[in-house]
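Written below as structure tokens is the structure these notes are about.
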Amino acid sequence: HVQLVESGGGSVQAGGSLLLSCQVSGLTYSSYCMGWFREVPGKQREGVAGIDGDGHANYADSVQGRFTISQDNAKRTIYLQMTSLKPDDTAMYYCAADLHRPNCDLGSPPFADWGQGTQVTVS
């Protein structure tokens with residue numbers, strides 16, 4: 001049973017930074033693609049960053065160069081370091097996991113397992 005628990009959201013001024021964490025249980029990293037997504041009411045959910053079991057990362061164009069996804073296998077935690085935050089980054093951020101996803105593609109089909117989300121507000 002996969003469980004994902006996000007933390008680290010909050011309110012920050014534009015230009016600031018936040019570190020999101022996703023505590024993971026019930027899966028073996030080496031076989032999974034882990035992703036961060038964000039959602040704003042009324043808009044389509046957006047894939048932000050993904051990382052595979054080998055540590056290869058990919059990013060949405062909108063966050064490239066500002067966000068960094070990483071994993072700490074010992075702590076079983078996925079991180080999303082967000083810098084140079086903009087008001088457009090305001091959203092609910094979700095951690096997600098999927099098994100055997102080629103190239104850790106953040107697009108369709110949807111990831112199988114999701115956390116409950118953590119709110120990020122940039123003003």
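Starting from 1, each residue takes its place in the sequence as its number.
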Apply side chain to side chain contact (heavy atoms under 4.5 Å, CB included) to residues Phe37 and Val48 and explain how you reach the verdict. CA-CA 5 Å; Phe37 293 77; Val48 175; 5.5 Å; no
Gap between atom SG of Cys33 and atom CG of Leu106 - 0.5 Å precision: 6.5 Å
Between the OG1 atom in Thr90 and the CZ atom in Arg38, the distance rounded to the nearest 0.5 Å is 9.0 Å
For [X] and [Y], work out which heavy atoms get closest and say how close.
X: Ala96; Y: Leu4; result: CA-CD1, 3.7 Å
X: Ser62; Y: Glu46; result: OG-OE2, 2.8 Å
X: Ile69; Y: Ala57; result: CG2-CB, 3.6 Å
X: Tyr59; Y: Ala49; result: CD2-CB, 3.6 Å
X: Leu20; Y: Tyr93; result: CD1-CB, 3.6 Å
X: Met34; Y: Ala97; result: SD-CB, 3.6 Å

Any non-hydrogen side-chain atom of Ser70 less than 4.5 Å from a side-chain atom of Gln81? no
Could you pull out all residues at least two apart from Glu39 that satisfy side-chain contact (heavy atoms from CB on, under 4.5 Å)? Arg45, Tyr94
Derivation and outcome, side chain to side chain contact (heavy atoms under 4.5 Å, CB included), residues Leu80 and Leu19: CA-CA 6 Å; Leu80 185 68; Leu19 176 66; over 6 Å; no
Kindly say whether [Y] contributes a backbone atom to a donor-acceptor pair with the side chain of [X] at under 3.5 angstrom?
X: Glu6; Y: Cys95; result: yes
X: Thr121; Y: Ser11; result: no
X: Asp105; Y: Gly107; result: yes
X: Asn58; Y: Cys104; result: yes

In terms of hydrophobic clusters joined by side-chain contacts under 4.5 Å, are Val40 and Val122 together? no
Do Ile51 and Met82 belong together in a cluster built from hydrophobic side chains that touch within less than 4.5 Å? yes
Looking at residues at least two apart in the chain, or sitting in another chain, which of them share a salt bridge (charged side-chain N to carboxylate O under 4.0 Å, His left out) with Arg101? Asp98
Would you check, one step at a time, whether the test side chain to side chain donor-acceptor pair (under 3.5 Å) holds for Gln71 with Thr77? CA-CA 6 Å; Gln71 56 191 11; Thr77 302; over 6 Å; no
Verify the distance criterion only: is there a donor paired with an acceptor across the side chains of Ser7 and Gln23 at less than 3.5 Å? no
Between Phe67 and Trp36, does the ring centre distance come in under 6.0 Å? no
Can you spot which of Ile78, Asn73, Asp72 makes a side-chain contact (heavy atoms from CB on, under 4.5 Å) with Val24? Ile78
Gln116 atom CD, neighbour heavy-atom count above 12 within 6.0 Å: yes
